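Values in this document were obtained by computation on a predicted structure and should not be read as measured data. Note on naming: letters A, B, ... go to the chains in the order of the sequence lines (proteins, then strands), and numbering restarts at 1 for each one.
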There are 2 protein chains.
Amino acid sequence: MIGMDDGPKAPPTLHDVAREAGVSIATASRALNGSSRNVRSENASRVRAAAAKLDYEPHLSAQAIAKGSTRTVALVVRDVADPYFSSIAAGVTQAAQECRLIVTMAVAGGSPERELEIVRTLRGRRPRVIIVAGSRVDGSGTRGTLVEELTEYRTAGGRVVLISQRDLPFGTVTIDNRGGAERLARALLAAGYRRFAVLHAQERIRTSRERHDGFLAGLRHAGVPEPLAIETGFTRAGGYEAARRLVERGVADVEAVFAVNDVMAIGAMTGLRDAGIVPGRDIGVAGFDDIDAAVDVVPALTTVAVPLREAGLTAMRLALSDEETADHSLPTNVVLRESTPPRPPT
Amino acid sequence: MIGMDDGPKAPPTLHDVAREAGVSIATASRALNGSSRNVRSENASRVRAAAAKLDYEPHLSAQAIAKGSTRTVALVVRDVADPYFSSIAAGVTQAAQECRLIVTMAVAGGSPERELEIVRTLRGRRPRVIIVAGSRVDGSGTRGTLVEELTEYRTAGGRVVLISQRDLPFGTVTIDNRGGAERLARALLAAGYRRFAVLHAQERIRTSRERHDGFLAGLRHAGVPEPLAIETGFTRAGGYEAARRLVERGVADVEAVFAVNDVMAIGAMTGLRDAGIVPGRDIGVAGFDDIDAAVDVVPALTTVAVPLREAGLTAMRLALSDEETADHSLPTNVVLRESTPPRPPT
DNA sequence: AAATGTGCGGAATACGTTTTCCCGATCACC
DNA sequence: GGTGATCGGGAAAACGTATTCCGCACATTT
């Protein structure tokens, strides 16, 4: 036993299995992944036995290169830890699993450059599908080359699906932000609210813009004053800060605050409360997304439910369908809760 | 142009690049990924130019098979949408990115069989590292074969790191659940609480057990009555339901509720409130994890902060270090908030 | 019984890289 | 000017699998 090498032992290959079973590797390959060709059942079972005995697992890279295609789908998101994206990821993962596909995830962190770099190196993995969720901005400079990159990938036979990114020549699944916000506005009008403040993010963030526009559209022709618009960050901290600004300015003339997403709304509620204004009693608050926390907050948050997991599922299905550039829009649902109690008519 | 095939155009290969640059593929390969060999700088730049012109991206599977190793790390979690795991995933992803590694994620969904199946097929991808976070149970039947599978993977040269799973012969990073719960118990005692209820999950869920045990240990020798133990699901719904049961039973003799994680605690708060008992005023509530929602809930939740992202980072670092089976424990921190106000001495 | 088909095993090739090995050219040194 | 070393280029082998192609044995038809 002198000189025995205890280093890494190479995993068994198809060759080993074939030898163990006493057949050629061609037969072994055919036996293990049912090809169009038949193999005598006795040989087949011997091969299977050998594979089990050696604990053989096919080398996916080798298969990929031999077959010229992989079984992976690449998902790029802005941030895994954000419930918005992780819900989408859960949907994608679930749908992929049903098709026996493996999903690999990359995190772009909100940087368009990083996003571009990721998509570029992703091509090297030759995934069957690339799904891009939540590119941060639109219309900006690097966006163009991202489109080029994806187009090139598609001409090489890949499938591309974008989530929450309209107007690009790929399959897209979008959220009905505009319609949801519009219906929310109407619901708030119906509840007796008349004077609003809107907490929104930068114009270039499309989701924020769409929700803001939709809300204004819902208010139109209702004869209510133009809402006060406050620009802030797309985060909880942004909502908090905006609420403070709102309070400083004086809040007597606003009856309800609409924040373009739930985390902002929740931050705003805390901000208002810290300033002595009780959400749901002194002022109405509404958000958008219906994240889990919306029901746990007090008062429970009025919001617009967005089927995020569903969006992931749909994206995956769209990718596997044969429509190249379908646009699939998902409906949103207004959910009224205690943060916007009906307001007695003045 | 008749008969022009507009179908998928194969992406350029190293061969194409070499031809374009007028050199051999060997030279092209050497020029593109600085090998130990030198190539004349003129040739090198011509190759680079050709690669850029053709928009060449190396086929990672081919590289993997030629080099015999990949640059991927495989992460298996129970559920991406759960903030607990997505935070860990964020940490892993970040650390991996720093090392130019790609992370692929698989979701086990809390099923040990599925987990085993995943790890098995994962071997086929020959990742450099496998990180398993939150296997659900321990000591059970399939656990054994999972260990076998991972051991085999390691003898083949792979690195294994387990998160939140002690006592297994691999690198592990664990959370100091016991200590955190113990200190939480002491803090609550110091705040004047004496009579507790503990909302916990099944015994086989290790995290739940450790936190429960730690809490009891913190209470020991304090001369307080044995806490009331209520078993329920490890989820928000479980917490809600347990709270209802607690209220039905009669809640007069409990001063504070400790739920073994935050989502349970938050569910319990809602459950209590729905029954007319106001958390933070009528009864104290504490959780564990310090998820983001803990501060947005009203009253803000007393809890034990767990460095989840950090756990992911540490796991990745541990995997890349050369200690085979180090055990890295991460500290936890008690955070007192409004859900457990100091209680006036009776 | 010859001709034709059919079922199945195996050798060989392909996939896109990296790497080893060989070979010619240039250089340094005596 | 010969000898050896160094440098860099290219041919070819290797990685592990899928698949094409060839050939053999056997069954079916005429």
Separation between [atom1] of [X] and [atom2] of [Y], rounded to the nearest 0.5 Å:
X        : Y        : atom1 : atom2 : value
B/Leu122 : B/Thr104 : CG    : OG1   : 5.5 Å
B/Leu101 : B/Thr72  : CG    : OG1   : 8.0 Å
B/Ile175 : B/Ile163 : CD1   : CD1   : 8.0 Å
B/His328 : B/Leu318 : NE2   : CG    : 7.0 Å
B/Ser86  : A/Asp82  : OG    : CG    : 8.5 Å

Encode nucleotides 5-11 of chain D as B, S and - characters from 5' to 3', where the letter depends on protein heavy atoms closer than 4.0 Å: B to the base, S only to sugar-phosphate, - to neither. ---BBBB

With [X] via salt bridge (charged side-chain N to carboxylate O under 4.0 Å, His left out) - residues at least two apart:
X        : result
B/Arg37  : none
B/Asp327 : none
B/Glu20  : B/Lys53
A/Arg128 : none

Quick one: how far along DNA chain C does chain A reach, first to last nucleotide 5' to 3', anything under 4.0 Å to a heavy atom? C/dC8 to C/dG16

To the nearest 10 degrees, how far apart in direction are the end axes of the helix from C/dA1-D/dT30 to C/dC30-D/dG1, each fit to five base pairs?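 The two end axes of the helix from C/dA1-D/dT30 to C/dC30-D/dG1 meet at 50°.
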
A/Glu152 and B/Asp55, any side-chain heavy atoms less than 4.5 Å apart: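 Side-chain contact under 4.5 Å: yes.
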
Under a 4.0 Å heavy-atom cutoff, the residues of residues 55-73 of chain A touching DNA chain D are A/Tyr56, A/Pro58, A/His59, A/Ala62, A/Gln63, A/Ile65, A/Ala66, A/Lys67

Counting only heavy atoms and a strict 4.0 angstrom limit, can you tell me which residues of residues 119-129 of chain B come near DNA chain D?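 Going residue by residue through residues 119-129 of chain B, none turns out to have a heavy atom under 4.0 Å of DNA chain D.
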
Using distance only, find each side-chain donor-acceptor pair of residues 57-69 of chain B under 3.5 Å and give its atom names and separation, not counting sequence neighbours.
residue: B/His59; atom: ND1; partner: B/Ser61; partner atom: N; Å: 3.2
residue: B/His59; atom: ND1; partner: B/Ala62; partner atom: N; Å: 3.3

Identify which one of A/Leu308, A/Val80, A/Val107, A/Val77 satisfies the side chain to side chain contact (heavy atoms under 4.5 Å, CB included) criterion when paired with A/Phe85.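 With A/Phe85 as partner, side chain to side chain contact (heavy atoms under 4.5 Å, CB included) holds for just one option, A/Val77.
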
Partner of A/Arg120 under salt bridge (Lys or Arg N to Asp or Glu O under 4.0 Å), chosen from A/Glu115, A/Glu113, A/Glu148, A/Glu149: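 The residue from A/Glu115, A/Glu113, A/Glu148, A/Glu149 that satisfies salt bridge (Lys or Arg N to Asp or Glu O under 4.0 Å) with A/Arg120 turns out to be A/Glu149.
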
Please tabulate, for side-chain N and O atoms in residues 92-100 of chain B, each donor-acceptor pair with protein atoms closer than 3.5 Å (sequence neighbours left out).
residue: B/Thr93; atom: OG1; partner: B/Ala89; partner atom: O; Å: 2.6
residue: B/Gln94; atom: OE1; partner: B/Arg309; partner atom: NE; Å: 3.1
residue: B/Gln94; atom: OE1; partner: B/Arg309; partner atom: NH2; Å: 3.1

Who pairs with B/Glu310 by side-chain hydrogen bond (donor to acceptor under 3.5 Å, both in side chains), at least two apart in sequence or on another chain?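 Listed in chain order: nothing, the list is empty.
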
By the 4.0 Å heavy-atom rule, please label A/Thr13 as base, sugar-phosphate, or nothing. sugar-phosphate

Pairwise 5' ranking along DNA chain D for B/Ile25 and A/Ile25, keeping only the more 5' one: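 In this pair, the answer is B/Ile25.
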
